[in-house]
There are 2 protein chains.
Amino acid sequence: MTYESVLTALADPTRRQIFEDLRAGPMAVTHLAESRAVSRPAVSQHLKVLQKAGLVSATARGPSRLYAVEPQGLAPLRDYLDTVWGDVLSAFAQEVKAQMQERSDTSTWEQET
Amino acid sequence: MTYESVLTALADPTRRQIFEDLRAGPMAVTHLAESRAVSRPAVSQHLKVLQKAGLVSATARGPSRLYAVEPQGLAPLRDYLDTVWGDVLSAFAQEVKAQMQERSDTSTWEQET
DNA sequence: ACTTACCGTAAGTAATGACTTACGAAAGTG
DNA sequence: CACTTTCGTAAGTCATTACTTACGGTAAGT
């Protein structure tokens, strides 16, 4: 639900691969595990994290369970980038211009990165 | 530079707080550390990770060092969300509609989440 | 030059998390 | 009703990583 959980969920490479594999459509846990280097319980645990983050949803299909991408799960992260950082990005250009004009004389700076 | 490094950099809560604190403007390491519960070297290490991810930049200011937000650092993550998941999101609505119409008869499903 | 202030790095420790094996539950099949 | 398949969870191990203390290095002030 929160953008923090989305970030931590997408930070792990294996979990991100599983999430991206689900782009092909809903899949069962066994099918997800056999095309990967980790065991099936590991995939289940990753899916649990993804589900808690709202990125995937589970559907009982007999004894099997189909996991599918929940597209609205990425909305918190998108909103975070837009609302929290959108203003900063737009305000940055102005500030840079202002500072460069303000300190055009005091030129004792030393850029590193 | 890559969206993976951005995700791992923003996954840690302390590191994310430091990054968000820099929205107020360029700050020195000591100033960042004294308003937080971790030591100064810890902040330095976090800033190193953020710098490698392209999220912040350092500027030598006398014996001090001013760290500033690098606004273009979030671009890889934005691009990842747009290119990789933008198509999936738009294609999802159509697929859902098609599936619901296709399986309007085989109604033995059981939603969980 | 000596001192002070600010910072990065090294080394070591503690904690978080990713993974495995083992087990039990739920649902279809004979 | 047994049997099989599929899956989640528990317990434990191992690797990653976040954190601390200690140290050295650089730049300004006196």
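It should be emphasised that the depicted structure is a prediction, and the values quoted were computed from it without experimental measurement. Atoms considered below: every heavy atom in the structure, side chains included; atoms not considered: hydrogens, waters and symmetry mates. The sequence lines fix the lettering, A, B, ..., with proteins before strands; numbering per chain opens at 1.
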How close or far is atom [atom2] of [N] from atom [atom1] of [X], stated in whole angstroms?
{"X": "Gln17(A)", "N": "dC19(C)", "atom1": "CD", "atom2": "P", "answer": "10 Å"}
{"X": "Leu66(B)", "N": "dA27(D)", "atom1": "CG", "atom2": "P", "answer": "15 Å"}
{"X": "Leu32(B)", "N": "dG8(C)", "atom1": "CG", "atom2": "C1'", "answer": "15 Å"}
{"X": "Asp12(B)", "N": "dT17(D)", "atom1": "CG", "atom2": "C1'", "answer": "9 Å"}

Could you say whether Gly62(A) or Ala37(A) is positioned toward the 5' end of DNA chain C, judged by the nucleotide with the nearest heavy atom to each? Ala37(A)
Want to settle it: does Pro63(A) or Arg15(A) sit nearer the 5' end of DNA chain C, counting the closest nucleotide to each?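 In this pair, the answer is Arg15(A).
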List the residues meeting side-chain contact (heavy atoms from CB on, under 4.5 Å) with Gln17(A), not counting sequence neighbours, and say none if there are none.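 Here the qualifying residues are Arg36(A).
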For [X] and [N], is the shortest distance between a side-chain N/O and OP1 or OP2 below 4.0 Å?
{"X": "His46(A)", "N": "dC19(C)", "value": "yes"}
{"X": "Ser64(B)", "N": "dC7(C)", "value": "yes"}
{"X": "Ser39(A)", "N": "dT20(C)", "value": "yes"}

Can Tyr80(A) and Arg78(A) be counted as having a side-chain donor-acceptor contact under 3.5 angstrom?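 Note: Tyr80(A) and Arg78(A) side chains miss the donor-acceptor criterion.
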Would you say the side-chain atoms of Ser5(A) and Thr2(A) include a donor-acceptor pair closer than 3.5 Å? yes
Contact list (N/O, under 3.5 angstrom) for nucleotides 8-11 of chain D vs protein:
residue: dG8(D); atom: OP1; partner: Arg65(A); partner atom: NH1; Å: 3.0
residue: dG8(D); atom: OP1; partner: Tyr67(A); partner atom: OH; Å: 2.2
residue: dG8(D); atom: OP2; partner: Ser44(A); partner atom: OG; Å: 2.2
residue: dG8(D); atom: N7; partner: Arg40(A); partner atom: NH1; Å: 3.1
residue: dG8(D); atom: O6; partner: Arg40(A); partner atom: NH2; Å: 2.9

Check: residues 37-44 of chain B side-chain donor-acceptor pairs under 3.5 Å, at least two apart:
none

Of the listed nucleotides dC19(D), dA18(C), dC6(C), the one nearest the side chain of Thr14(B):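 My answer, after comparing the listed nucleotides, is dC19(D).
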Compare all side-chain heavy atoms of Tyr3(A) with those of Asp79(A) and state whether any distance is below 4.5 angstrom.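 When only atoms from C-beta onward are counted, Asp79(A) and Tyr3(A) do not touch, as no gap falls below 4.5 Å.
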Are side-chain heavy atoms of Asp12(A) and Val49(A) found at a separation under 4.5 Å?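 No, their side chains stay 4.5 Å or more apart.
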